[in-house]
Amino acid sequence: MPFQKIVPPAAGEKITVKDGKLHIPDQPIIAFIEGDGIGYDIMTASKRIWDAAVEKAYGGQRKIHWMEIYAGEKAARIYDGDYMPEETFEALRQYHIGIKGPLTTPVGGGFRSLNVTLRQVLDLYACVRPVRWYRGVPSPLREPEKTNVVIFRENTEDVYAGIEFESGTPENEKLAAFLRREFGAQFFEGAGLGIKPISAFASKRLVRQAIRYALERGRKSVTLVHKGNIQKYTEGAFRKWGYEVAAEEFGEVTITEDELWEKYNGKQPDGKIVIKDRIADIIFQHLLLRPDEFDVIATMNLNGDYLSDAAAAHVGGVGIAPGANIGDEVAVFEATHGTAPKYTNLNKVNPGSLLFSGVMMLEYMNWWEAAELINRAYEKTIEQKIVTYDFARQMEGATEVGTSEFASAVIANMG
Ligand code: NAD
């Protein structure tokens, strides 16, 4: 069925998936959602940079053909009040890769959040957040270059499953009575109740994706982060299932931290990654004090939520932290910050978060040369102290520029 409002570009080919493997043609069609608020500014600037890098790296042999799809306020204008049209999901299912700016959550619109809806409907079960430092970026750490981790956060269960019962409601009272009567559970009268489901299925597919990523990218370890000392049958089970999937499916190429010491005297053998685990509270301290001990991290939803924002602060904050939500057949790359409405159309904000989400996308497509061109040109631009307002106020002697001028400076530095 043809789309109602989406217009596929005249040129370019669809990305395909066969037996779980992506096939990326040289001229792929990629879907983008502009985003609300500052979305227009950062998407326009970032697209210029991505296109310039691809052109520079492959001399016209490769090119992205952009296809606009709609969500948020722009969708509501085009689709008569519908903030999340069905054909947006359909386009992402058919074209497999999308990139999006931030979206306003409509108040009282029947959606918990457009972003959450997108993840749930397309089963984008892993939220992937790389956290690395770019030379020159203001950081509160003395040695920010030691931070280089990729956090895999489970997207579909834990507190995000939203199984909650409000204090004072009949549902709450029924469940409270049941828990007291059947299990002898003890808690204060009138307590709000929430249920935290953690399954073997969701835990294993998340850890599987994290281990595959570590293997493909030559990473050294995968750390399972959990609070299993207290929540034994949810967080503790995540840990257990994580080790199980490593042993059962990647036994040849993984070792546990215990084996590392018992069999290899602490010296990591070539070709094997180490699977270890840490309690969720201490990981915050370790990431701050000994960041180079961590590489890929896999965790459940709430831990991952806290940890990825905290880690982002070590290397420049959410203004430049990229992210993606990745399922088995669809990946959506996205800015991790919100719509910053007070800066809408002021050509002011930092496009870094969306820009680096695009770099993640290029890496996901194996277009490494284009990704690396952007990384290097970005560092050069920051070294020249050409920055947007948010960095300018943290740097001495900076030249403050707008979003679009910043993009032009990055493109000029690709030469
Ligand atoms: P926000 O991230 O939009 O803004 C908070 C502050 O961070 C801004 O005022 C600004 O000072 C700064 N900031 C954000 N992005 C920046 C950038 N690129 N460059 C420089 N500074 C930047 O968070 P908020 O104000 O809590 O949320 C506003 C709206 O965004 C809400 O409707 C919320 O639902 C939505 N939101 C969307 C997403 C998403 O789409 N992924 C994420 C978070 C919030």
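Throughout, residue positions are numbered sequentially from 1 according to the sequence presented. Read the numbers this way: they start at 1 and go in the same order the structure lists the ligands and their atoms.
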**Q.** Residue pair Asn148 / Arg219, side-chain donor-acceptor N/O under 3.5 Å
**A.** yes

Is it possible for you to check whether Arg132 lies under 6.0 Å from the centre of the six-membered ring of Tyr134, through NZ or CZ, and within 45° of that ring's axis?
yes

Taking atom types as modelled, is there a side-chain donor on Thr381 or Asn413 under 3.5 Å from an acceptor on the other? yes

ring-ring contact (aromatic ring centres under 6.0 Å, His included) pairs touching residues 382-415, sequence neighbours excluded, are Tyr343-Tyr389, Tyr378-Phe406

The ring pair (Phe, Tyr, Trp, His ring centres under 6.0 Å) partners of Phe178 (sequence neighbours excluded) come to Phe183

Protein N/O near ligand 1 N/O, under 3.5 Å, which pairs?
unit_1: ligand 1; atom_1: 2 (O); unit_2: Gly338; atom_2: N; d: 2.7
unit_1: ligand 1; atom_1: 3 (O); unit_2: Thr339; atom_2: N; d: 3.0
unit_1: ligand 1; atom_1: 3 (O); unit_2: Ala340; atom_2: N; d: 2.7
unit_1: ligand 1; atom_1: 15 (N); unit_2: His337; atom_2: ND1; d: 3.4
unit_1: ligand 1; atom_1: 18 (N); unit_2: His337; atom_2: NE2; d: 3.2
unit_1: ligand 1; atom_1: 18 (N); unit_2: Asn350; atom_2: O; d: 2.8
unit_1: ligand 1; atom_1: 19 (N); unit_2: Asn350; atom_2: N; d: 3.0
unit_1: ligand 1; atom_1: 21 (N); unit_2: Tyr389; atom_2: OH; d: 3.0
unit_1: ligand 1; atom_1: 30 (O); unit_2: Thr339; atom_2: N; d: 3.0
unit_1: ligand 1; atom_1: 30 (O); unit_2: Thr339; atom_2: OG1; d: 3.2
unit_1: ligand 1; atom_1: 34 (O); unit_2: Thr105; atom_2: OG1; d: 3.3
unit_1: ligand 1; atom_1: 40 (O); unit_2: Leu103; atom_2: N; d: 2.8
unit_1: ligand 1; atom_1: 40 (O); unit_2: Asn115; atom_2: OD1; d: 3.4
unit_1: ligand 1; atom_1: 40 (O); unit_2: Asn115; atom_2: ND2; d: 2.9

Here the side chain to side chain donor-acceptor pair (under 3.5 Å) pairs for residues 40-49, sequence neighbours left out, are Arg48-Ser408

